[in-house]
Protein chains: 2
Amino acid sequence: MVGGAAQDIRGQILAHATRLFARQGFSGTSVQQIAERVGIRKPSLLYHFKSKDTLRREVVEQTLQHFQKVLPELLLSARDHQFDRVMGSLTGFFRDDPDRARLLVREILDQPEEMRERIAKYVTPWVQLLGDQLERAKERDLVRPDVDVEAYAMQVVTSLVANLAFIASMGNVLPDHGAHGAGTDRVIAEMTRIARASLYVDAASPADASDAPAQTPPSRERAIQTHADQRDGEGKKQ
Amino acid sequence: MVGGAAQDIRGQILAHATRLFARQGFSGTSVQQIAERVGIRKPSLLYHFKSKDTLRREVVEQTLQHFQKVLPELLLSARDHQFDRVMGSLTGFFRDDPDRARLLVREILDQPEEMRERIAKYVTPWVQLLGDQLERAKERDLVRPDVDVEAYAMQVVTSLVANLAFIASMGNVLPDHGAHGAGTDRVIAEMTRIARASLYVDAASPADASDAPAQTPPSRERAIQTHADQRDGEGKKQ
DNA sequence: CCTACCGATCGGTAGG
DNA sequence: CCTACCGATCGGTAGG
């Protein structure tokens, strides 16, 4: 309640700054430009954020915090199964606002030191948690023995962010054959397939009945193929 | 011979511009900064390239032309086998000068329209050629039937460029366990493994005779696993 | 949140 | 390839 309107302005500044930094880059965007979109003067903006660089930091922090807030439920609710669900949710975060992906890629290039720290803070814990789960799945012979679980997890995140950032900027480069025209979906589908196929041991090797917990007809139930086509609704360009 | 020295200056400008654009971005780099490194004055630089934007275009064009000049031999000499060799050479191009990767990523974000055209010109033909080869390998049951060959090829290139650009900027994010500290190799090794494992049909599954077409112990001859462990020397975490 | 204003730097041109 | 110089814009401050 207190300062509700001021909060709103701060939020507007952050929102417009995110958009512009993502699309034009930090040094390609002037404080003046951001202020214009918000509908205030430049010195007023600099009252809320005491420098352009402060604004940049808060924009990035906000994006990563949102990521951190949303990620846990996805990964924790998904054990070693539900592969497509995890991929779909992860993809969804960046699809909901592709500027997030563009912003992160730009920051990696522009502020590498800072981003190293932020990744250590926001991403690495989850990569390690996922890595542990995969390591256990490996012991149960569900995951290929030669997977470098940490590098794999990091790779999936990297591909995802890069792909979404690139598509957001230039659209899909693949020729759109077929009537449906959703090239983005095609890229994401193949990316998901690659991630899945390179992770799991292929169709059951019969002999590991010894190994697998008794309960299961192991490879089939894996729930992994569930939504192989998970994104129908939104990103579609029709 | 004619204008040899002038050519040299032009080349120096291009070289320093590539470096600076890759590391600081286009709008984060001033003409003055480039001129300083070359050891000339700003107006002299603008005699060789009539605007900053012209310089940018030539920098990008030069990088892509080098790529185009070097790629054919790699891909043509490699048929459906020699997977690791192709990946290695492709990786090598960007490893030789990681600024190439950073520059391309930046251009995708900064000049998406232009990059769409350039990718269509420089990359798509090779993606399609590779796609054709993979499609044939698919008919011979070497490649997984569900691979989207074009999307796959594009994905491999995208991952490669993104990974190298990120590593060039921030180094490796993975904890360096093991004494040697070559985290880059580890990332590239896992990226290569993912690309290979998600492409080829897996090693013969003994008991699924029921499932598999009668014909084949197909997977053995594949020549594909040649260097399946090409990261022994370097990337291994030991 | 504003007007007024700062020094610094930007890309680029004139003119030789 | 240089000196000299241009108008425009940059991030930011003073002061209210």
Side-chain angles (χ1 to χ4, degrees), chain A residues 1-62 103 106-107 109-111 113-114, chain B residues 1-62 103 106-107 109-111 113-114:
Chain A
M1 293 102 183
V2 184
Q7 281 292 6
D8 192 13
I9 293 265
R10 243 190 91 91
Q12 277 186 64
I13 295 173
L14 282 169
H16 285 283
T18 302
R19 211 181 152 84
L20 289 170
F21 289 160
R23 299 182 183 200
Q24 312 178 339
F26 176 70
S27 50
T29 303
S30 65
V31 175
Q32 162 78 356
Q33 231 177 336
I34 300 165
E36 258 171 33
R37 309 237 171 164
V38 179
I40 59 177
R41 306 288 180 174
K42 187 173 53 162
S44 308
L45 190 155
L46 289 167
Y47 163 76
H48 291 282
F49 300 89
K50 73 168 181 289
S51 75
K52 192 192 179 187
D53 200 68
T54 301
L55 177 55
R56 178 188 57 75
R57 270 196 287 270
E58 293 208 29
V59 159
V60 177
E61 202 69 34
Q62 186 196 240
L103 184 80
R106 283 193 188 274
E107 280 287 305
L109 299 177
D110 287 346
Q111 312 288 341
E113 289 307 321
E114 213 171 285
Chain B
M1 297 107 181
V2 183
Q7 281 292 6
D8 192 14
I9 292 268
R10 245 190 89 92
Q12 279 186 61
I13 295 173
L14 282 169
H16 285 284
T18 302
R19 211 180 151 83
L20 289 169
F21 288 161
R23 299 180 184 201
Q24 311 178 340
F26 177 71
S27 50
T29 302
S30 67
V31 175
Q32 161 77 355
Q33 230 176 340
I34 300 164
E36 259 170 33
R37 308 238 171 164
V38 179
I40 59 177
R41 306 287 180 175
K42 186 174 56 164
S44 310
L45 190 155
L46 290 167
Y47 162 76
H48 292 283
F49 300 89
K50 72 167 183 290
S51 74
K52 189 190 181 189
D53 200 68
T54 302
L55 178 55
R56 179 188 58 76
R57 270 195 288 270
E58 294 208 29
V59 159
V60 177
E61 203 67 34
Q62 186 195 241
L103 185 80
R106 283 195 189 273
E107 280 288 305
L109 298 177
D110 286 347
Q111 312 288 342
E113 289 306 320
E114 214 171 283

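Everything numeric in this text was worked out from a predicted model, so none of it was measured.
For A/P43, taking side-chain heavy atoms from C-beta onward, the closest of the listed nucleotides C/dT3, D/dG12, D/dC2 is C/dT3. Closest to the B/I40 side chain, of the nucleotides C/dG12, D/dG12, D/dC1, is D/dC1. Residue A/L46 places its side chain closer to D/dG12 than to any other of D/dG11, D/dC1, D/dG12. Of the listed nucleotides (D/dG12, C/dG12, D/dC1), C/dG12 has the atom at the smallest distance from the side chain of B/S51. The listed nucleotides are D/dC1, C/dT3, D/dG11; the one nearest the side chain of B/H48 is D/dC1. When the nucleotides C/dC1, D/dG11, D/dC1 are ranked by their closest atom to the side chain of B/S44, D/dC1 comes out on top. Side-chain atoms of A/V31 lie closest to D/dG11 of the nucleotides D/dG11, D/dT3, C/dG12.
Here the P atom of nucleotide C/dT3 and the CD atom of A/Q32 are 12 Å apart, to the nearest Å. Atom CD in B/Q24 sits roughly 15 Å away from atom C1' in C/dC10 (whole-Å rounding). D/dG11 atom C1' lies 11 Å from atom CG of A/L45, rounded to whole Å. In this structure, CG of B/L20 is placed 12 Å from P of C/dG11, rounded to the nearest angstrom. We find that OH of A/Y47 is positioned 17 Å from P of D/dG12, with the value rounded to whole Å. Per the geometry, NZ belonging to B/K52 stands 19 Å off P belonging to D/dA8, to the nearest Å.
Taking for each of A/R41 and B/S27 the nucleotide of DNA chain C with the nearest heavy atom, the 5'-most of the two is the partner of A/R41. Of the residues near DNA chain D, A/Q33 and A/K50, the one whose nearest nucleotide (by heavy atom distance) lies more toward the 5' end is A/Q33.
Contact annotation: B/S30 side-chain N/O to C/dT9 OP1/OP2 distance is not under 4.0 Å.
For the pair A/S51 and A/L46, the tightest heavy-atom approach, listed with the atom from each and the gap, is CA-CD2, 4.0 Å. Pairing each heavy atom of A/T29 with each of A/L20, the nearest pair is OG1-O, 3.3 Å. Across every non-hydrogen atom of A/A35 and A/R41, the tightest pair is CB-C, 3.9 Å.
Using modelled atom types and a 3.5 Å distance limit, the side chains of A/E36 and A/Q32 yield a donor-acceptor pair.
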- With Watson-Crick and G-U wobble geometry limited to distances under 3.5 Å, how should the secondary structure of DNA chain D be encoded in dot-bracket form, using | for bases paired to another strand and [ ] for crossing pairs? ||||||||||||||||
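Salt-bridge formation is not detected for the pair A/E107/A/R57: no Lys NZ or Arg NE/NH1/NH2 atom is positioned less than 4.0 Å from an Asp or Glu carboxylate oxygen. For the pair B/R23 and A/D110, the salt-bridge criterion is not met [side-chain N within less than 4.0 Å of a carboxylate O]. A salt bridge does not link A/R56 to A/E61: none of the charged side-chain nitrogens sits closer than 4.0 Å to a carboxylate oxygen.
The local environment of CZ in B/R19 is sparse, with at most 12 non-hydrogen atoms from other residues, nucleotides or ligands closer than 6.0 Å.
As judged by a 4.0 angstrom heavy-atom cut-off over every strand, A/T29 is placed among residues touching the sugar-phosphate backbone only.
Looking at B/K42, its side chain comes within 3.5 Å of the base of C/dG12 through a donor and an acceptor atom.
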